[in-house]
There are 2 protein chains.
Amino acid sequence: MSGDTRARILAEALRQFAARGFDGTTISSIERGVGLAEGTGSFYRHFPSKRAVFDAVVEHELARLRAIRPEREPRGADGGTRPLSERVADDLRFLREVRPLVEILIRERDGMPHVAERVRDVLVERGLAGIAGDLATCGERGGEDPAAAATVLLCATVGYFLTTEFFGELPGGVDVERYAGTLARLLGGS
Amino acid sequence: MSGDTRARILAEALRQFAARGFDGTTISSIERGVGLAEGTGSFYRHFPSKRAVFDAVVEHELARLRAIRPEREPRGADGGTRPLSERVADDLRFLREVRPLVEILIRERDGMPHVAERVRDVLVERGLAGIAGDLATCGERGGEDPAAAATVLLCATVGYFLTTEFFGELPGGVDVERYAGTLARLLGGS
DNA sequence: GTCTATACGACGATAGAC
DNA sequence: GTCTATCGTCGTATAGAC
């Protein structure tokens, strides 16, 4: 039960960094969160510094997200191209998993530009490439400017996620399925 | 030159709160930013506490944004309905003005839920209502679900803003005009 | 591996001279 | 209205007993 204290610190630190930021999180509050006595330096038996646990949290999250990122243009045997609306719904589910790291990135992106770049790589770069592929393999109209249409698809997806997560429920209460369906329809997919 | 120290503190505090957050901003750094000697309590001759200047900054920004928010469904004499793409570009220009307050809101939204609600009102609520009006007055197709189409328009606009501001340049380098034009075309507007 | 105790610095805030 | 000086508190981190 005590051998995995390091892992419990990692999970607790992720929660607190995402909720209250780096400065708003204290060693004492992490200790309390994992059941250690507050104010004692027991934390330091597992990590050498606050910054060290922060870096470890980011690395751990990046590795986890790379593992669960939805596959684009599946190379599997089925080969069937799923409707665009289902792919948008996939992306929105994936974005929910990314939320803690995005929360950390938004608060702490100054002073950690390398992390910003790696998150950007996982989310934006691969997202756009995959979305452009979606539009192509679906054979849908991208209009006269398919590259810009792919950008619209990406921004509309990320925008729905950020707006609902950071500003609360959307007016009109458009849920994920309805949103994904409408977006796909506007882009010409089913 | 010294009578407006209070106003200079307000402007400097806005900059620092947006760039480094509430905790990351110190009274000393504000004093230094406005030319006062660092570490002296001169700040306190103008505001009673750090929290007080924070609240004043938020109020000041909210008032400024309400004043410059782009008018929807103009009641002016011209009466001409501008193309949807120009309205999207208007919104994106407005969002650039909102950036400091959004930056503050994203970092500090816990512990100031009333502010989150007021910003949400200025941006999302009125934004959606105005956008729905845009779609209606433009007489464009919203597809089979005009309300959801309006939500897509809003999220695509906010998403472009947040993605470029927080994650840097978009891959493919789609600029504002190209993005606004493509988005309007997909929604059926010119 | 967890505790007691503490050193050290940073920051918010106040008192009071000028 | 700005400065000098200082108090109190909190947070990171370390030393060392158990």
Side-chain angles (χ1 to χ4, degrees), chain A residues 1-60 100 103-104 107-112 115, chain B residues 1-61 103-104 107-112 115:
Chain A
M1 171 72 105
S2 64
D4 59 345
T5 303
R6 187 194 147 94
R8 309 222 322 283
I9 288 178
L10 266 182
E12 180 67 19
L14 171 65
R15 279 220 318 256
Q16 295 199 19
F17 285 142
R20 302 199 285 271
F22 185 81
D23 291 342
T25 300
T26 69
I27 304 295
S28 293
S29 69
I30 294 175
E31 286 171 336
R32 189 161 58 80
V34 299
L36 293 170
E38 201 169 348
T40 77
S42 298
F43 165 90
Y44 292 98
R45 294 288 167 175
H46 305 276
F47 291 94
S49 70
K50 190 181 178 181
R51 175 73 198 197
V53 74
F54 180 82
D55 291 341
V57 160
V58 171
E59 289 306 319
H60 192 264
E103 201 115 27
I104 287 172
R107 290 174 189 255
E108 250 67 56
R109 67 190 186 285
D110 353 285
M112 41 179 272
V115 174
Chain B
M1 172 68 109
S2 64
D4 60 345
T5 303
R6 187 194 146 94
R8 309 221 323 283
I9 287 178
L10 266 182
E12 180 66 19
L14 171 65
R15 279 220 320 256
Q16 294 198 19
F17 285 143
R20 302 199 285 270
F22 185 82
D23 290 343
T25 300
T26 69
I27 304 294
S28 294
S29 69
I30 294 176
E31 287 171 337
R32 188 161 56 82
V34 299
L36 293 170
E38 202 169 347
T40 78
S42 299
F43 165 90
Y44 292 98
R45 295 287 168 175
H46 304 276
F47 291 94
S49 70
K50 188 182 179 181
R51 176 74 197 198
V53 74
F54 180 83
D55 291 341
V57 160
V58 171
E59 289 305 319
H60 192 264
E61 257 325 78
E103 201 114 30
I104 287 172
R107 291 175 189 255
E108 250 67 56
R109 68 190 186 285
D110 352 285
M112 42 178 272
V115 174

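Hydrogens, waters and symmetry mates are skipped; everything else that's a heavy atom, side chains included, is used. Every chain is numbered from 1 and lettered A, B, ... according to where its sequence line falls, protein lines coming before strand lines. Note that the structure is predicted; figures quoted are calculated from it, not measured.
Across A:Ile27, A:Ile30, A:Asp55, A:Thr26, a single residue satisfies side-chain contact (heavy atoms from CB on, under 4.5 Å) together with A:Lys50, and that is A:Ile27.
Between the side chain of A:Glu108 and the backbone N or O of A:Gly21, no donor-acceptor pair lies under 3.5 Å.
For the pair A:Leu36 CG and D:dA13 C1', the computed distance is 16 Å after rounding to whole Å. Taking atom CG of A:Asp23 as the reference point, atom C1' of C:dG12 lies 15 Å away to the nearest angstrom. In this structure, CZ of B:Phe22 is placed 8 Å from P of C:dG12, rounded to the nearest angstrom. In this structure, the CD atom of B:Glu38 is 11 Å from the P atom of C:dA10, given to the nearest Å. C:dT4 atom C1' lies 13 Å from atom CD of A:Glu31, rounded to whole Å. Between A:Phe47 atom CZ and C:dT2 atom P the separation is 13 Å, expressed in whole Å.
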Dump the pairs, protein N or O against N or O of nucleotides 13-18 of chain C, anything under 3.5 Å, distances to one decimal.
| unit_1 | atom_1 | unit_2 | atom_2 | d |
| --- | --- | --- | --- | --- |
| C:dA13 | OP2 | B:Tyr44 | OH | 3.1 |
| C:dA13 | OP2 | B:Lys50 | N | 3.0 |
| C:dG16 | O6 | B:Arg45 | NH2 | 3.0 |

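Nucleic acid contact for A:Ser42: base, since at least one base atom lies under 4.0 Å from a heavy atom of the residue. Within the nucleic acid shown, B:Ser29 has no heavy atom closer than 4.0 Å to any nucleic acid atom.
A salt bridge is defined here as a Lys NZ or Arg NE, NH1 or NH2 lying under 4.0 Å from an Asp or Glu carboxylate O, and B:Arg20 with B:Glu12 fails to meet this definition.
With no hydrogens or angles considered, no side-chain donor-acceptor pair links B:Glu31 and B:Ser42 at under 3.5 Å.
More than 12 heavy-atom neighbours from other residues, nucleotides or ligands sit within 6.0 angstrom of CZ on A:Arg51.
Ring-plane geometry between A:Phe54 and A:Phe17 is classed as perpendicular, the angle between the planes exceeding 60 degrees on a 0 to 90 degree scale with a lower cut at 30.
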